[in-house]
Amino acid sequence: MTVSLEIKRLPHGRDLPLPAYQSELAAGLDLMAALDAPVVLDPGTRALIPTGLSIALPGGYEAQVRPRSGLAAKHGVTVLNTPGTIDADYRGEVKVILVNLGQDPFTVTRSERIAQMVIAPVLQAMLVEVEELAETSRGSGGFGSTGR
Ligand SMILES: O=c1ccn([C@H]2C[C@H](O)[C@@H](COP(=O)(O)OP(=O)(O)OP(=O)(O)O)O2)c(=O)[nH]1
Ligand SMILES: [Mg+2]
C-alpha cells in the first residue's frame, strides 16, 4: 500500500539524497545524518541528529523513527525514544535521538544512514468516560500474571 508524502529538503540537507526504501518491499525509509561535522557518541551518551528534512504527513498517518538493526547489533547504537513519533501536523525538522549503548565511542558522519522512518496509519480515540469498565476473565492481571 502506498501513500504520498510531502517532503522538503532543508538548506543543510539539500545535497543529500532523499530517503529511500532500500529494497522493493522495505517498510522503512532510511534517514541520513545531515551533520556539518562528525559527532562522537561516547558510550552511554546520546545526541539529537538532524536529518535535513521536514515532512507533511496526510491526516490519519504518523511516521515512526526506528533504529537500524545493523547499528544496534554491531555497535549498540539505537534510537533512544524508539519508536519516535512524527505527528501529521509537525512541520519542523525530523531529528533522530541516537544513543550509544555499546562499549566503544561511535562516530556519526554526514550522510550516514542512522535510522529508518516507517509511515503508519493512526487512529485518534474518542474518549468515553465511564464509572465501571466491562468485566473480563483477565481482569487486572498483568505483568507476568499468566506465567513465564
Ligand atoms: O524522534 C523524534 C520524535 C519527535 N520528533 C518531532 C516530531 C514530533 O511531531 C514532535 C514532537 O514529538 P513528541 O510528541 O514525541 O515529543 P514531546 O516531548 O511530546 O514534544 P511536544 O510537546 O512538542 O509534542 O517532535 C522528531 O523529529 N523525532
Ligand atoms: Mg508530544
task: Treat each ILVMFWY residue as a node, draw an edge where side-chain heavy atoms are under 4.5 Å apart, and state whether L80 and L101 are in one component.
output: yes
field: Least distance between heavy atoms, G92 atom then S54 atom
entry: O-CB, 3.1 Å
- request: Taking D87 for its side chain and D89 for its backbone only, find out whether a donor-acceptor pair lies under 3.5 Å.
  value: no
field: Distance-minimising heavy-atom pair for L57 and A63
entry: CD1-N, 3.5 Å
field: Min side-chain heavy-atom separation P38-V108 under 4.5 Å
entry: no
query: How long is the gap from CZ on F106 to NZ on K74, to the nearest 0.5 Å?
result: 10.0 Å
- request: Compare every heavy atom of P105 with every heavy atom of P43, then report the nearest pair and how far apart it is.
  value: CD-N, 3.8 Å
- request: For the residue pair I86 and V94, establish whether any side-chain heavy-atom pair is separated by less than 4.5 Å.
  value: yes
field: Heavy-atom side-chain proximity of L53 to K95 below 4.5 angstrom
entry: no
task: Measure the shortest side-chain to side-chain distance between L71 and T78 over non-hydrogen atoms and say whether it is less than 4.5 angstrom.
output: no
- prompt: Between D30 and P19, is any pair of side-chain heavy atoms under 4.5 Å apart?
  reply: no
task: Report yes if some heavy atom in the side chain of R113 is under 4.5 Å from a heavy atom in the side chain of R68; otherwise report no.
output: yes
query: Within the side chain of Q116, is there an N or O that forms a donor-acceptor pair under 3.5 Å with the backbone of P67?
result: yes
task: Using the rule that two of Ile, Leu, Val, Met, Phe, Trp, Tyr join whenever any of their side-chain heavy atoms come within less than 4.5 Å, decide whether M32 and L18 are in one cluster.
output: no
task: Report yes or no: does T136 contribute a side-chain atom to a donor-acceptor pair with the main-chain N or O of G139 at less than 3.5 Å?
output: yes
field: A34 to G13 - nearest heavy-atom pair and separation
entry: CB-CA, 4.5 Å
- prompt: Out of curiosity, does M117 fall in the hydrophobic cluster containing V122 (side-chain heavy atoms, cut-off under 4.5 Å, transitive links)?
  reply: no
Heavy-atom side-chain proximity of V3 to Y61 below 4.5 angstrom: yes
- line: Closest non-hydrogen atoms of E93 and T51, given as atom of the first, atom of the second and distance, are OE2-N, 3.2 Å
- prompt: Counting only N and O atoms by type, is there a donor-acceptor contact under 3.5 Å from the side chain of R66 to the main-chain atoms of A115?
  reply: no
- prompt: Are I55 and I114 in one and the same hydrophobic cluster, where Ile, Leu, Val, Met, Phe, Trp and Tyr link if side-chain heavy atoms are under 4.5 Å apart?
  reply: yes
message: Does R138 have more than 12 heavy atoms from other residues, nucleotides or ligands lying within 6.0 Å of its CZ?
response: no
query: CG of L5 to CG of L29: how many Å apart, nearest 0.5 Å?
result: 7.5 Å
Side chain N100, main chain V77, donor-acceptor under 3.5 Å: no
query: If you count the non-hydrogen atoms of other residues, nucleotides and ligands that lie under 6.0 Å from CZ in R110, is the total more than 12?
result: yes
Verify same cluster id: L31, I7 (apolar side-chain graph, 4.5 Å): yes
Stepwise side chain to side chain contact (heavy atoms under 4.5 Å, CB included) test for L35 and T109: CA-CA 7 Å; L35 291 167; T109 54; over 6 Å; no
- line: Closest non-hydrogen atoms of A88 and G59, given as atom of the first, atom of the second and distance, are CB-CA, 4.4 Å
message: Could you tell me if the side chain of V79 sits less than 4.5 Å from the side chain of V96, heavy atoms only?
response: yes
